[in-house]
*Asks:* 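Here you go, one structure.
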Amino acid sequence: MGRAFLVVIDSVGIGGAPDADTFFNGDVPDTGANTLGHIIAACATGQAEEGRSGPLHVPHMMALGLGAAVTLAGGQAVDGPVPAGTWGAATEVSRGKDTPSGHWELAGLPVPWEWHYFPDETPAFPDDVVAAVCKAAGTAGILGNCHASGTTVIADLGAEHLRTGWPICYTSADSVFQIAAHEEHFGLDRLLQLCADVAPLLHDMKVGRVIARPFVGDVGNFQRTGNRKDFAILPPAPVLTNRVQDAGRAVYAVGKIGDIFSMQGIDEVRKGDDRTLMGHLGDLIRDAADGSLTFANFVEFDSLYGHRRDVSGYARHLEWFDAELGALLGQLRADDMLVITADHGNDPTWVGSDHTRERVPVLVAGKGAGTLGQIAFTDVAALVLEHLGVAQ
């Protein structure tokens, strides 16, 4: 039986969302945001040459139809070859521009509720949430209690965290409650247990994720570690992974997929940074069981470059991914299908530091040349299920 590989390049949007004017970074609507289109333009004009030079070089994704998808999504003309893959642009309907909304919908389940977001003010959290965190942590208070960048907040509050032992709690424009703590002074197991203990309260409020953000180091040199864990709200209905697993097939999760879906329908998880994840994906292309689904997320486009508004870093990461992809495409079996898509945008040329509402590319290797046109996020799940011969 043929296998399916669904690869999410986190935040690589392509503009054109019809409802972008109803989503905001601060008080600026996302109208006109275009993560990939603006990176292509910045590279072409020399505005993204720190650590790289010349036009954006992603020949393997371009051959699959990436440039054509950008044009289809928002009208921006992109030079590229006639696509040899099957390609399209997908539009989201869930009222969110975040990880759970995008991934759930790609897996066939639009989010059936409005997420809860915390106000951009200090304090950001209601008293009952603060009290629950303090009780679970065994502390007299918390630090932060605001919207913040994860790297900035540990630099600003890390020393006080070491002195008091209080957890650092913060949020963003996404529906998240994040808790940062030092792996050694506070304890990694203690942090993970704290997040697990308070997650039910936050989930009842329809907060999408409670995220453990461990860090290490000394004052002036704090660094987040790879032991992040997302405690996500449980999908309220079966998703792609459930359907494939229920059909008796193996489901492999690469990256944060297991956390996003609360391990629903997942047999095996492989984690690490993006370079490690690329190795895991290559191993699974070689060894994954017949008829299986591998669902992967490469998060560093978003976490390291989109939120930090690093155009050149984002461009370099796209070029790295594309070079690795070229090697993987040659290893696919004749009856395999590999789909590359994204969950939302995070335009590094945009104002603010939050995600941007955009359409996303859908690039398919293993189905020959053709166009999907403008499709829904949920059509991605249908494409995978059809390939695997699993009932929808």
Side-chain angles (χ1 to χ4, degrees), residues 98-100 116-233 256 258-260 262-263 269 271-273 299-300 302-304 307-308 353-354:
D98 50 63
T99 293
H116 178 82
Y117 301 93
F118 294 107
D120 190 2
E121 57 190 43
T122 303
F125 307 127
D127 291 343
D128 61 331
V129 170
V130 174
V133 174
C134 291
K135 180 179 180 181
T139 60
I142 65 172
L143 303 175
N145 203 344
C146 60
H147 281 234
S149 157
T151 52
T152 300
V153 78
I154 63 172
D156 292 345
L157 298 176
E160 188 174 359
H161 166 70
L162 296 185
R163 181 179 63 81
T164 63
W166 293 5
I168 303 169
C169 302
Y170 63 103
T171 188
S172 71
D174 291 338
S175 181
V176 294
F177 186 87
Q178 305 193 72
I179 307 179
H182 198 283
E183 284 195 359
E184 298 164 1
H185 292 269
F186 189 88
L188 177 60
D189 290 343
R190 182 183 174 199
L191 171 61
L192 297 177
Q193 187 61 55
L194 168 59
C195 291
D197 288 344
V198 300
L201 170 64
L202 277 300
H203 292 166
D204 284 346
M205 297 169 61
K206 294 299 185 283
V207 175
R209 289 175 293 163
V210 176
I211 307 177
R213 289 288 198 174
F215 63 95
V216 294
D218 302 315
V219 176
N221 188 35
F222 292 124
Q223 296 179 337
R224 295 198 296 196
T225 75
N227 291 320
R228 161 185 171 159
K229 183 173 176 60
D230 293 36
F231 295 79
I233 194 169
K256 62 179 184 177
D259 292 341
I260 293 168
S262 300
M263 292 302 296
V269 174
K271 290 191 172 186
D273 60 19
V299 72
E300 290 176 3
D302 185 57
S303 62
L304 296 186
H307 286 298
R308 299 181 188 184
S353 61
D354 297 322

*Asks:* Could you pull out the closest heavy-atom pair between Phe231 and Ala212, with the gap in Å?
*Replies:* CE1-CB, 4.5 Å

*Asks:* Quiz question: by atom type and distance under 3.5 Å, do the side chains of Asp189 and Gln193 form a donor-acceptor pair?
*Replies:* no

*Asks:* Quick one: does Ile211's side chain get under 4.5 Å of Cys195's, heavy atoms only?
*Replies:* no

*Asks:* Below 4.5 Å, heavy atoms only, C-beta onward: do Leu191 and Ile179 meet side chain to side chain?
*Replies:* yes

*Asks:* Measure the CG-CG distance between Asp197 and Leu192 for me, rounded to the nearest 0.5 Å.
*Replies:* 11.0 Å

*Asks:* For residues Pro126 and Met205, report the shortest heavy-atom separation together with the two atoms involved.
*Replies:* CG-CE, 4.3 Å

*Asks:* To the closest 0.5 Å, what do you measure between SG (Cys146) and CG (Asp156)?
*Replies:* 9.0 Å

*Asks:* Checking side-chain contact (heavy atoms from CB on, under 4.5 Å) between Pro167 and each of Leu194, Val198, Leu143, which is the one that passes?
*Replies:* Leu194

*Asks:* Nearest 0.5 angstrom please: Arg209 CZ to Gln178 CD, how far?
*Replies:* 7.5 Å

*Asks:* So Phe222 and His182, would you call those rings parallel, tilted or perpendicular, with 30° and 60° as cut-offs?
*Replies:* perpendicular

*Asks:* Do Val219 and Arg163 have side-chain heavy atoms sitting under 4.5 Å apart?
*Replies:* no

*Asks:* With a 4.5 Å heavy-atom cut-off, do Val130 and Pro123 have their side chains touching?
*Replies:* no

*Asks:* Counting N and O atoms only, with roles assigned by atom type, does the side chain of His116 sit under 3.5 Å from a partner on the main chain of Leu202, one being a donor and the other an acceptor?
*Replies:* no

*Asks:* Can you name the nearest heavy-atom pair linking Arg224 to Tyr170, along with the distance?
*Replies:* NH1-OH, 3.7 Å

*Asks:* Report yes if the side chains of Asp259 and Arg228 come closer than 4.5 Å at any heavy-atom pair, otherwise no.
*Replies:* no

*Asks:* Is Thr171 reaching over with its side chain to a backbone N or O of Phe177, donor-acceptor style, under 3.5 angstrom?
*Replies:* no

*Asks:* From His147 NE2 over to Glu121 CD, what is the distance, rounded to the nearest 0.5 angstrom?
*Replies:* 8.0 Å

*Asks:* Return yes if some donor-acceptor pair links the side-chain N/O of His185 with the main-chain N/O of Gly165 below 3.5 Å, else return no.
*Replies:* no

*Asks:* Any non-hydrogen side-chain atom of Tyr117 less than 4.5 Å from a side-chain atom of Asp98?
*Replies:* yes

*Asks:* Heavy-atom distance under 4.5 Å between the side chains of Val129 and Leu201, does that happen here?
*Replies:* yes

*Asks:* For Asp273, does the CG atom have more than 12 heavy-atom neighbours from other residues, nucleotides or ligands under 6.0 Å away?
*Replies:* yes

*Asks:* Are there over 12 heavy-atom neighbours, none belonging to Asp204, within less than 6.0 Å of that residue's CG?
*Replies:* yes

*Asks:* Grab the two heavy atoms, one from Phe186 and one from Ala137, that are nearest each other, plus how far apart they are.
*Replies:* CZ-CB, 4.5 Å

*Asks:* Quick one: closest heavy-atom pair of Asp354 and His307, and the distance?
*Replies:* CA-ND1, 4.2 Å

*Asks:* To the nearest 0.5 Å, tell me how far Ile233 CD1 sits from Ile260 CD1.
*Replies:* 14.0 Å

*Asks:* Tell me whether the count of non-hydrogen atoms from other residues, nucleotides or ligands lying under 6.0 Å of NZ in Lys135 goes above 12.
*Replies:* no

*Asks:* Ile142 vs Cys134, test: side-chain contact (heavy atoms from CB on, under 4.5 Å). Steps then yes/no.
*Replies:* CA-CA 7 Å; Ile142 65 172; Cys134 291; 4.0 Å; yes

*Asks:* For residues Leu188 and Asn227, report the shortest heavy-atom separation together with the two atoms involved.
*Replies:* CD2-ND2, 3.6 Å

*Asks:* Contact between Arg213 and Ile154 at the side-chain level, heavy atoms closer than 4.5 Å - yes or no?
*Replies:* no

*Asks:* Looking only at atom types and distance, does a side-chain atom of Ser175 sit under 3.5 Å from a main-chain N or O of Gly208, one as donor and one as acceptor?
*Replies:* yes

